[in-house]
Amino acid sequence: VWIPAAIGIALGLDRLRRAGKIAAGVLLAVLLTSQSGSVLIEAGSERGLSPHLITRLRTSPEADTALLDFLHEQGYAYGYASYWTSFRLIFRSHEAVIFDTALPYDDKGYQAGNNRYLPYRDQVAGADRVVWVTQNFPALDDLIAQELARAHIEYQTHDFGPYRVYYEFSRRVAPSDLNLDYSGSLKR
């Protein structure tokens with residue numbers, strides 16, 4: 001929708017410019033001021049700016065910081081998370097934590113194309129200790145609990161706002177070990 005709208009606005013400004021440069025300049029200034037004002041208002045809001053259109057994937061910087069502090073205190077540098085969660089936390093930690101994007105973020109299941117940066121995947125695969133991080137996804141949390149119980153793996157969880165961290169596994173486990181990185185629907 002935005003691409004055709006932008007083309008229409010550009011064509012309208014060009015037509016208006018032919019009629020009078022001042023009117024086109026004023027209209028362009030109004031449009032840019034309006035857009036800049038919207039961005040500044042959103043940046044100053046409680047949520048801040050977010051690249052996520054999916055509301056449940058929006059997080060506060062405080063939740064990110066609390067989670068990253070916890071991982072640092074517990075000595076975890078590697079883990080598994082969904083695409084959106086992993087890259088946000090990797091970026092915010094300046095790569096102090098590295099995640100393989102092997103967990104799904106919606107009920108469509110894991111998508112192999114989400115694991116785009118293979119060096120991260122390889123680093124996580126070589127780690128002795130890992131965490132799993134989910135984000136506002138109760139269906140996945142239920143499935144993880146079921147599969148870990150079925151595999152007789154003990155673990156602990158800790159919640160940080162929208163995040164749930166699985167850690168202190170009784171043995172090293174990856175989502176693929178429990179068939180949680182499949183590409184089907186989460187409804188089994």
Side-chain angles (χ1 to χ4, degrees), residues 1-3 38-39 41-72 74 76-127 129-148 155-167 169 173-188:
V1 172
W2 287 108
I3 293 173
S38 298
V39 170
I41 288 169
E42 186 64 23
S45 72
E46 188 175 308
R47 275 194 326 252
L49 291 177
S50 174
H52 298 297
L53 298 176
I54 304 168
T55 305
R56 71 174 181 77
L57 293 177
R58 294 181 184 163
T59 61
S60 69
E62 294 80 19
D64 292 347
T65 301
L67 171 59
L68 292 171
D69 287 347
F70 173 80
L71 295 177
H72 177 72
Q74 298 294 318
Y76 286 101
Y78 301 100
Y80 298 92
S82 71
Y83 174 83
W84 292 109
T85 302
S86 66
F87 287 112
R88 177 184 176 94
L89 294 172
I90 291 168
F91 175 78
R92 290 193 51 89
S93 73
H94 304 282
E95 294 187 330
V97 294
I98 302 294
F99 291 98
D100 179 331
T101 59
L103 290 172
Y105 61 86
D106 63 17
D107 62 0
K108 293 176 187 154
Y110 171 75
Q111 305 297 316
N114 290 345
N115 213 348
R116 295 180 185 162
Y117 195 63
L118 300 182
Y120 288 163
R121 184 197 64 191
D122 296 342
Q123 288 178 43
V124 173
R129 298 174 67 223
V130 294
V131 297
W132 294 14
V133 179
T134 62
Q135 181 181 343
N136 275 344
F137 200 174
L140 178 59
D141 291 326
D142 292 344
L143 185 58
I144 288 172
Q146 291 170 16
E147 294 301 321
L148 289 171
Y155 61 96
Q156 293 183 30
T157 62
H158 198 297
D159 293 333
F160 297 92
Y163 297 118
R164 172 161 290 170
V165 179
Y166 296 82
Y167 67 107
F169 294 103
V173 62
S176 60
D177 298 336
L178 304 178
N179 198 29
L180 290 171
D181 64 344
Y182 67 101
S183 60
S185 170
L186 268 185
K187 298 172 182 139
R188 288 188 178 183

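If you're wondering where the values come from, they're calculated on a predicted model, not measured in any experiment.
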note = Sorted by chain and residue number, the salt bridge (Lys or Arg N to Asp or Glu O under 4.0 Å) partners of Asp69 (sequence neighbours excluded) come out as none

key: Under the ring-ring contact (aromatic ring centres under 6.0 Å, His included) test, residues paired with Tyr78 that sit two or more places apart   = none

inquiry  = Show, in sequence, the C-alpha distance, side-chain angles and deciding distance for Val173 and Leu178, and conclude whether the side chain to side chain contact (heavy atoms under 4.5 Å, CB included) test is met.
reply    = CA-CA 8 Å; Val173 62; Leu178 304 178; 4.0 Å; yes

query = Listed by chain and number, what are the side-chain contact (heavy atoms from CB on, under 4.5 Å) partners of Ala125, not counting sequence neighbours?
reply = none

Residues that Ala77 engages under side-chain contact (heavy atoms from CB on, under 4.5 Å), provided they are two or more places apart = none

Partners meeting side-chain contact (heavy atoms from CB on, under 4.5 Å) with His158 (sequence neighbours left out) = Phe70, Phe160, Tyr167

key: Counterpart residues, side-chain hydrogen bond (donor to acceptor under 3.5 Å, both in side chains), relative to Asp122 (two or more places apart)   = none

task = List for me each residue that meets side-chain hydrogen bond (donor to acceptor under 3.5 Å, both in side chains) alongside Glu95, sequence neighbours excluded, and say none if there are none.
result = Tyr120

key: Test log, rule side chain to side chain contact (heavy atoms under 4.5 Å, CB included), inputs Asp64 and Arg88   = CA-CA 9 Å; Asp64 292 347; Arg88 177 184 176 94; 2.6 Å; yes

inquiry  = Using side chain to side chain contact (heavy atoms under 4.5 Å, CB included), reason through Tyr76 and Val130 one step at a time and then give a plain yes or no.
reply    = CA-CA 7 Å; Tyr76 286 101; Val130 294; 5.8 Å; no

query = What residues, two or more places apart in sequence or in another chain, satisfy side-chain hydrogen bond (donor to acceptor under 3.5 Å, both in side chains) together with Thr134?
reply = Asp141

message = I need the full list of salt bridge (Lys or Arg N to Asp or Glu O under 4.0 Å) pairs touching residues 155-165, with sequence neighbours left out, sorted by first then second residue.
response = Asp159-Arg164

